[in-house]
Amino acid sequence: MNRRGALTIAALAGTSILTGCWESADVTVHEQGKYKGRGDPLLDAKSTAEREAVLQKRFQLVQADR
Amino acid sequence: MARMKFLCDAERCIECNGCVVACKNENEVPWGVNRRRVVVLDDGVPGEKSISVACMHCTDAPCAAVCPVDCFYTTDDGIVLHDKDLCIGCGYCFYACPFGAPQYPQKEAFGVRGKMDKCTFCAGGPGENNSDEEYTKYGRNRIAEGKLPLCAEFCATKALLGGDGDMVADIYRQRVLKRGGRPQTWGWETAYKKAG
Amino acid sequence: MKLIRKNGHAEGGASVAVGMPGEAIGRRTFLRRSGLTMGGAAVAGMLPATMMRKAHADKFAPKAGVATELRRSICTHCSVGCGVIAEVQNGVWTGQEPDFDSPLNLGSHCSKGASVREHGMGSRRLKYPMKLESGKWKRISWDTAIDEIGDQLLSIREQSGPDSVYWLGSAKHNNEQAYLFRKFAAFWGTNNIDHQARICHSTTVAGVANTWGYGAMTNSYNDMHNSKAMLFIGSNAAEAHPVAMQHILRAKENGSKMIVIDPRFTRTAAHADHFVRIRPGTDVGIMWGMLWHIFENNWQDDEYLRQRVYGMDEVRKEVARWTPAETERVTGVDEATCKRAAQIMAENRPGTIVWCMGGTQHTIGNNNTRSYCAFQLALGNIGKTGGGANIFRGHDNVQGATDFCVLSHSLPGYYGLSNGSWGHWSRVWDVDFDWVKSRFSQEKVIGDNGKETMPMNYKGIPVSRWVDGVIEDKANIGQKDNIRAMMLFGHAVNSQTRGEDMKKAMAKLDLMVIIDPYPTHAAVMSDRTDNIYLLPASTQFETSGSVTASNRSLQWRDKIIDPVWESLPDHVIMAKFAKKFGFDKELFKHIKVVNGEPLIEDITREWNKGMWTIGYTGQSPERLKAHAANRHTFNTTTLKAEGGPVDGDYYGLPWPCWGTAEMGHPGTPVLYDTSKPVAEGGLNFRARFGVERNGETLLAEGSYSVGSEIKDGYPEFSDKVLKQLGWWDDLTDEEKKLAEGKNWKTDLSGGIQRVAIKHGCAPFGNAKARVIVWTFPDPVPVHREPLYTPRRDLLSDYATYEDRKRFYRLPTRYGSIQAKDHSKEYPLIFTSGRLVEYEGGGEEQRSTAWLAELQQDMFVEINPADANDRGLKDGQMVWMDTPEGNRIKAKTMVTQRVAPGVVWTPFHFGGWYRGEDLLDKYPAGAAPYVRGDACNTAMTYGYDSVTQMQETKVTLCQVTAA
């Protein structure tokens with residue numbers, strides 16, 4: 001058994017000790033690190049590609065020592 | 001794909017707080033909340049340096065890694081954003097962040113910690129771009145308008161650069177090269193002066 | 001909903017968690033050191049601003065789907081002239097964008113510039129006219145206000161003469177308002193008019209104009225890109241002119257050396273290659289100490305001195321006494337440090353010198369500024385790109401307001417107050433000279449020189465001394481009666497010294513009127529309970545007009561929003577008073593007034609017709625607007641347009657922009673630069689002081705601008721000179737009619753200027769600069785100890801002047817004050833300066849939440865040694881007491897930024913008096929967020945020997961725990 005598996009078991013054991021024998025069914029089990037919120041149009045890959053050239057030009061205009 | 005990055009050139013930063021106020025103005029950040037701050041080292045003595053600090057939009061963002069509700073997401077160009085509707089204001093990201101970026105507005109004068117607020121790279125948050133709702137929760141979405149963060153665009157000395165990481169690096173490298181010929185600079189002496 | 005974390009991705013999370021404790025401690029230490037953890041906690045109880053801001057903000061938030069218009073103005077905080085782009089939705093200012101097309105700021109802003117949108121929110125602005133009645137602020141209408149104030153002024157005029165009303169103008173006026181204000185005071189009939197330039201760069205203007213002709217910054221911020229060395233003395237650009245630092249640091253990256261001379265290790269010094277710490281008030285000493293090394297090593301530019309400078313031999317005699325030992329005795333700077341500074345300047349030419357208030361605000365301010373000039377002349381640095389005297393002005397339009405002479409001693413364009421000057425302007429105004437004369441008091445008074453003079457020709461009381469104009473025994477002053485009414489247009493009284501005396505003066509006044517966007521310190525500091533009026537003025541974002549940046553470039557401002565609340569622009573308020581006084585017909589003879597507002601462009605065109613002396617004649621509204629529209633076509637180093645519709649012009653037509661607008665002169669980017677023809681912005685030193693002295697010529701010898709047909713020095717141009725040269729017939733017949741009997745300053749056709757320039761000559765002649773000003777109290781600049789000095793041992797060699805009986809109408813004390821030793825009771829030198837977030841009296845910025853949040857307390861910087869000697873800790877409240885019995889309260893900041901024996905405070909605070917917060921005395925909703933004791937409350941007596949500049953940079957104090 002790898003280390004991760006051992007941790008999982010330890011964690012589960014801990015949970016059952018704390019909550020006794022009963023656990024609520026109203027539980028969301030999820031993958032950690034995966035965004036759960038609302039969508040953002042900025043996340044659209046196509047928009048990112050279009051934006052790249054625009055933002056590069058803007059950078060040159062505004063932030064370079066003209 | 002380009003990654004958006006901030007870089008503060010300490011040789012140029014003069015601690016004028018222009019970036020701090022630009023952020024407040026653009027995003028209507030309330031009193032007591034500072035998405036960006038200027039940090040001064042060796043204040044008042046030779047070697048004094050200042051740099052402007054905000055969320056650095058880490059590639060492997062520790063805030064996202066520790067968030068118990070997973071409200072963080074990263075855009076393809078590397079901007080780290082979060083959903084305030086999910087955020088529970090626990091403050092865990094504040095501990096994780098190496099830069100002290102997360103802020104917690106108070107709901108009342110002596111109040112409870114509110115939802116986390118931080119620099120959005122002027123890219124707003126989830127939901128429709130530049131909607132009234134996005135503005136109220138996150139501030140202006142300049143990225144969607146084809147503009148870069150106002151703090152960098154306003155910087156008095158162009159010390160704070162914000163944009164495509166490669167372009168930022170190019171400008172900075174050019175400056176470092178130019179300065180190479182003049183080791184009289186404070187800091188240079190501190191780092192390289194002859195022993196004794 | 002409950003959340004249970006699965007450990008699927010635990011590796012990343014776990015490693016962060018494990019690393020965290022160590023990380024956290026490191027960061028916290030870091031935060032504490034840098035002051036990052038302050039703020040939040042400190043602010044929490046202070047202001048329930050979070051909720052307030054929210055409700056307030058909604059109104060000014062950008063709305064989705066609403067059309068946005070872009071409008072352009074110029075920042076109103078300092079003289080760099082940064083372009084401001086405003087986003088406006090339905091008349092509401094909803095956003096700011098970088099003006100990256102501007103060659104002056106390339107889109108940049110400091111904290112103040114980044115905050116200007118707040119002006120449009122006006123959260124702490126005066127909302128409507130008010131008057132103080134039985135200690136309460138009562139709202140009144142504009143009509144009532146003008147009527148009541150006007151009646152009182154007219155009755156004072158009747159009883160005591162027009163000189164008993166003081167018209168205090170502002171560096172916040174645009175050029176048109178400044179010009180109109182000067183004209184307005186003339187039509188009222190007094191020279192008791194002045195503005196902040198008196199207490200900012202008056203000693204510069206007097207010193208520099210008397211050295212080489214014009215008293216302004218010779219080059220530009222942008223031109224510093226070309227400097228090989230930059231010497232800052234009494235200038236903290238990083239805080240006072242932050243965007244200028246962009247150009248300065250670019251110069252540094254180009255290899256320029258940077259020297260900072262200052263009593264304090266400033267944020268500018270932090271970027272310097274060489275820092276020289278002097279004792280406050282020893283500028284002449286350090287300059288002569290450096291010049292001693294220049295002469296000792298023959299580093300001076302002999303050929304330049306021979307051709308272009310008069311009197312350096314006499315300076316050499318004075319410099320000879322400033323040996324390294326003497327320099328160290330007086331200034332505290334050792335030989336090696338001083339020599340290194342001199343050597344850097346000698347070996348890296350062209351080099352520029354920058355100075356500000358640290359040099360000017362002294363009893364010997366005019367000596368200081370002239371010593372800076374002499375140093376630069378010795379090195380041959382003036383009139384060269386990359387060189388020059390880059391005198392950074394303070395307010396956004398203090399250069400323009402100075403040029404339009406909102407000053408007690410001159411008429412617009414520095415014409416002076418002689419009958420000839422009045423005659424010139426009467427012709428421009430198209431009014432009868434005798435009518436103007438009749439507006440003044442006809443009773444002769446004894447002038448400064450002890451001879452009888454007409455009040456019309458006698459310089460008025462300067463702003464630095466209005467307090468004495470009120471409280472001094474009227475038998476001792478050079479006018480009929482005391483000042484009885486103060487009209488304060490945009491003035492911060494907390495920028496003036498001697499708190500208790502000012503309070504006395506305010507109590508004695510019949511009437512005090514404050515015309516300002518904010519109530520200001522003046523509204524609350526006095527004990528008056530009646531007869532103070534507050535009239536809400538608009539900011540420059542609520543009107544249009546031109547503004548002159550420090551580099552003499554004029555920029556056009558568009559109106560961004562309509563005046564907020566019931567506020568009105570200054571020129572509209574002046575028009576109301578003019579109507580009340582019954583001279584509106586004369587005042588606006590050639591200026592259209594629409595709905596009570598005098599047309600700005602008409603005012604511009606009027607001053608275009610009269611400002612020949614300094615070349616404010618070529619900048620028509622049309623040309624200025626064309627520059628604004630094509631600002632992206634200007635080179636950011638030379639400021640010259642490269643191609644496009646304004647090809648060849650210099651940005652903002654920096655004055656002198658000779659001749660008429662039709663002549664198309666491009667402006668003068670670098671003063672006295674002989675490497676270019678005059679027609680293309682070249683110039684030489686002005687022939688202003690005669691043509692010879694003691695048998696020696698004052699005209700240039702063998703030096704002239706490229707293309708000059710006269711290959712030597714020559715006097716200023718007049719009809720006679722043109723005739724002698726055989727150039728008279730180059731004038732058109734129409735020009736001849738106006739030019740007959742006139743000179744380059746008074747010929748309203750501009751023909752004399754045009755013809756001189758056509759032949760490659762400068763209209764004002766071609767002379768040498770002079771380093772000895774024989775009309776000043778100290779012809780060669782010498783060091784004199786401040787009135788309140790801790791160095792009594794130096795008084796035998798460097799005593800101050802004798803008291804003067806009458807100087808700008810007032811008795812003025814020097815020796816009688818210095819005679820008394822206060823240094824035992826008050827052992828610390830007290831000096832003051834700038835914070836980047838605030839400007840001047842700080843009223844606007846302390847009323848802007850975004851800025852106020854960043855500087856919440858009045859503080860005093862004190863060296864750890866002095867703090868420990870007094871048992872003081874960092875952040876503790878202390879009393880600061882000064883020898884005239886004034887005191888202020890402040891928080892300590894223990895820092896090595898100041899030397900032992902010196903304390904420093906910022907000068908922007910107000911709203912407290914002697915430790916007491918005056919919050920309840922403000923009109924409701926108009927108190928600034930941040931208040932504190934004004935350092936100048938405790939500052940002491942002392943005035944420059946030429947201009948009456950107040951001494952705010954050296955006094956003595958004691959600091960004790962509060």
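Labels below follow one simple rule: chain letters A, B, ... track the order of the sequence lines, proteins then strands, and each chain is numbered from 1.
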Please report the C-alpha distance between A/Asp65 and B/Lys158 in whole Å, then the side-chain angles of each, then the deciding distance to 0.1 Å, and finally whether the side chain to side chain contact (heavy atoms under 4.5 Å, CB included) criterion is met.
CA-CA 8 Å; A/Asp65 292 333; B/Lys158 303 202 183 291; 3.6 Å; yes
Is the count of non-hydrogen atoms from other residues, nucleotides or ligands lying under 6.0 Å from B/Glu128 atom CD greater than 12?
no
Take B/Leu81 and A/Asp40 through the test side chain to side chain contact (heavy atoms under 4.5 Å, CB included) and record every step on the way to the result.
CA-CA 10 Å; B/Leu81 299 170; A/Asp40 185 340; 3.7 Å; yes
Side chain, backbone, both or neither: which part of [X] has a non-hydrogen atom closer than 4.5 Å to chain A?
X: B/Ile171; value: side chain
X: B/Asp166; value: neither
X: B/Phe72; value: backbone
X: B/Asn129; value: both
X: B/Leu161; value: both

If you count heavy-atom pairs under 4.5 Å with chain A, which of [options] comes out on top?
options: B/Ala144, B/Cys71, B/Gly127; result: B/Gly127
options: B/Gly163, B/Cys155, B/Gly146; result: B/Gly146
options: B/Ile143, B/Leu148, B/Thr75; result: B/Leu148

Approximate separation, where rounding is to 0.5 Å, of [X] [atom1] and [Y] [atom2]:
X: A/Lys36; Y: B/Asp83; atom1: NZ; atom2: CG; answer: 12.0 Å
X: A/Leu42; Y: B/Thr74; atom1: CG; atom2: OG1; answer: 12.5 Å
X: A/Lys46; Y: B/Asp76; atom1: NZ; atom2: CG; answer: 13.5 Å

Using side-chain heavy atoms (C-beta onward) and a distance below 4.5 Å, is [X] in contact with [Y]?
X: B/Pro126; Y: A/Tyr35; answer: yes
X: B/Met4; Y: A/Leu55; answer: yes
X: B/Asp85; Y: A/Arg38; answer: yes

Heavy-atom distance under 4.5 Å to chain B: side chain of A/Arg51, backbone, both or neither?
side chain
Using the side chain to side chain contact (heavy atoms under 4.5 Å, CB included) rule, take B/Glu153 and A/Arg58 through it: C-alpha gap first, then chi angles, then the decisive distance, then the call.
CA-CA 10 Å; B/Glu153 293 203 337; A/Arg58 175 84 181 179; 2.6 Å; yes
Working for side chain to side chain contact (heavy atoms under 4.5 Å, CB included), residues A/Phe59 and B/Asp164
CA-CA 8 Å; A/Phe59 182 82; B/Asp164 181 331; 5.9 Å; no
